[in-house]
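Down below is the structure, laid out as structure tokens.
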Amino acid sequence: VGEMLASIASVFRVTAWKNGAALIMSARTFTDFTTRATFEIKKCDLFLLDEGPATQVVLTRDEGLQYYRTMQVMRRMELKADQLYKQKMIRGFCHLYDGQEACAVGLEASINLSDHLITAYRVHGYTYTRGGTVKEIMAELTGRRGGIAKGKGGSMHMYCKTFYGGNGIIGAQVPLGAGVALACNYLGNNELCVCLYGDGAANQGQIFETYNMAALWKLPVIFVCENNRYAMGTSVERAAASTDYYKRGEFIPGLRVDGMDVLCVREATRFAADHCRSGKGPILMELQTYRYHGHSMSDPGLSYRTREEIWEVRSKSDPIAMLKDHMLSHNMASVEELKGIDVEVRKEIEDAAQFATTDPEPPLEELCNHIFYNEPPFEVRGTNLWTKLKSLS
Amino acid sequence: ALIYLLKYPYLACLRPTQKMNLFQSITSALDNTLASDPTAVIFGEDVAFGGVFRCTVGLRDKYGKDRVFNTPLCEQGIVGFGIGVAVAGATAIAEIQFADYIFPAFDQIVNEAAKYRYRSGNMFDCGNLTIRAPWGCVGHGSLYHSQSPEAFFAHCPGLKVVIPRSPIQAKGLLLSCIADKNPCIFFEPKILYRAAVEQVPEDPYTIPLSQAEVLQEGSDVTLVAWGTQIHVLKEVASMAQEKLGVSCEVIDLQTILPWDIETVCKSVVKTGRLLISHEAPVTGGFASEISSTVQEECFLNLEAPISRVCGYDTPFPHIFEPFYIPDKWKCFEAIKKMINY
């Protein structure tokens, strides 16, 4: 919905500009802003590649505002989830994504909604970029019937049409992603699969099995290792014999990307997507990113790293701050406009939280639905000999 | 007092005890092991700083980082590696962070660990291996932090599967598992880590494996469970006594594989009614094995069909957990039906 609003708004702006009419939203007229600007981004480290993504990128005003809005929605949503968890409205496990917004937004910017994506359990951000609404996401967190998985999945299990979740077991989603990519190849629809995992999961055996299969059969899969430096509480140096995660594919070309800069991620994904779509097979991207919260809500996040480290990353490489800086310094937006977006976003999140806390829980009948796919309803044995619930899925 | 001493012989010599909860009793058992056995090593994800449930707190500082160390995130690797350590002669105590994550290691446990002695004609064995994992529902664990997979392993000859109900049992049973010359899987009820507190002896002691414990004698119904569910059944037994005047015999199975058939059957011969309860789904859960064996052995003694009060045949739910678990009301209802059969 956020993106829809942003695009409708930009259409209005374009029409307004064409008519030369003044905008009511900001004090300065639209014609004052630069519509596109070129930025220099960090060069990616390459492995088995002769050339890498471009280092000079163009950002248009509309794109910039859209990325800003999306990242701000994700940030506010995660902070709201933090609040709700502390109020015990959200229970169970909750893994927050704030700090890593640039990864989700950058990835989505260079692939289509018809492409496929699968990740592990830090999914709230991806659910949003893949088409979920904030309302659905928050209702799923609180376990209500308006949730994206009908309240049956919770924080870790959120899905959309081309977003395969939402997987609790570490590393298990990677072979799945390769399978999705095989289906794309087989169906010949020029789609690809982005398959994400973390720095901890990179040590799982299944990942290497998948690398082998993907390279052997030239599957259109982009492996993305979101390296946020800590696997729960274990830092990468203590867990991995080689912390060059982009080289771990051995026979798969790799890129190491600055995951805090949305433009870097976007450019690298564009490069990777072209690589896959041209039939060259899989490619591996390591996004160097950082999470501000602990591993999950039960982890304060301070026993294995210092407050100074978190503060340093926040002040020097916060993705939203960096984008804001880019846009303001190149006169692509005004401070008031961005503040206006912030206010809108805050309201959207508040409404969603309100919905999430007031929506009723799923009915008890849902307990037994969706175990199997079946036509006639079947009976599910219950806790006692005579208790049988109906499964109507 | 005399009955108390006879019932708990390991407390009979009145050794110094300390108030400990479940995770502290595990730490105590591991501490005793590392002290007495120079080849013992503890490894798993995050065990070095103490573990996500504090079961290994202080051990690394006390015994060194070559004896208590972290592994990367690879369950199959952890167990495979553990089997190797055990075969070579060292005592390996592997920790799987949650029982729900034990499945990547399933192949190693079932195909390698369980069959090592058999296939090598007793030339090699991995009896020195003990795998520990937090087990069972915890109130907010949902699909992947609440599973009870004992039934999967019960189907595999060559393994021992043990589940304690309280700190005193936990320490004794864990030390027995470590001493046992067979690969053992020790499931620790995570909901009891902090909740269960008892006076546990500081010295090492063992509780024999494959021996079920009769917690309460009775004459009308036999109630069998293990782990957390025993506490539910104890409450049900007192409810039944109060409200129905029914005297229940409560048995803690303790060792799931190989299980104490004799104690359970003797009890059923006496009472004629059996109720088995566990959190795992009913189809194929371990209650089905107990039920089947008991009806084979004690068919003519049964007054009513054997009752299994277990979890539903669904994945462990997120929001529906209070409805899913076999709570005391469901068990009580089952007893009523059996009495009135």
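Keep in mind it's a predicted model, so treat the numbers as computed, not measured. Convention: sequence-line order gives letters A, B, ...; per-chain numbering from 1.
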query: Can you tell which of Gly141(B), Pro315(B), Cys310(B), Pro104(B) has the highest number of heavy-atom pairs within less than 4.5 Å of chain A?
result: Cys310(B)
field: Closest-packed option against chain A by number of heavy-atom pairs under 4.5 Å, given Thr314(B), Ile325(B), Leu143(B)
entry: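 Most heavy-atom pairs within the cutoff with chain A belong to Thr314(B).
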Report which part of [X] has an atom under 4.5 Å of a heavy atom belonging to chain A: side chain, backbone, both, or neither.
{"X": "Val138(B)", "answer": "neither"}
{"X": "Asp313(B)", "answer": "both"}
{"X": "Glu45(B)", "answer": "neither"}

field: Any side-chain heavy-atom pair of His295(A) and Tyr121(A) under 4.5 Å
entry: yes
Below 4.5 Å from any heavy atom of chain B, which atoms of [X] appear? Answer side chain, backbone, both or neither.
{"X": "Ala201(A)", "result": "backbone"}
{"X": "Thr142(A)", "result": "backbone"}
{"X": "Arg238(A)", "result": "side chain"}
{"X": "Gln204(A)", "result": "both"}

task: Return yes if a side-chain donor-acceptor contact under 3.5 Å exists between Glu289(B) and Thr293(B), otherwise no.
output: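 Judged by distance alone, the side chains do pair up.
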message: Testing the 3.5 Å rule here: is there a donor-acceptor pair between the side chains of Glu279(B) and Gln147(B)?
response: no
field: Positive for side-chain contact (heavy atoms from CB on, under 4.5 Å) with Cys248(B), one of Asp220(B), Val236(B), Ile335(B)
entry: Ile335(B)
message: Going by the rule side chain to side chain contact (heavy atoms under 4.5 Å, CB included), which residues pair with Phe355(A) if we only count those two or more places apart in sequence or in a different chain?
response: Lys135(A), Ala139(A), Asp359(A)
- request: State which residues pass side chain to side chain contact (heavy atoms under 4.5 Å, CB included) with Glu303(B); sequence neighbours excluded, sorted by chain then number.
  value: Arg273(B)
query: Is the shortest distance from a Lys or Arg side-chain nitrogen in Lys150(A) or Glu366(A) to a carboxylate oxygen in the other one below 4.0 Å?
result: no
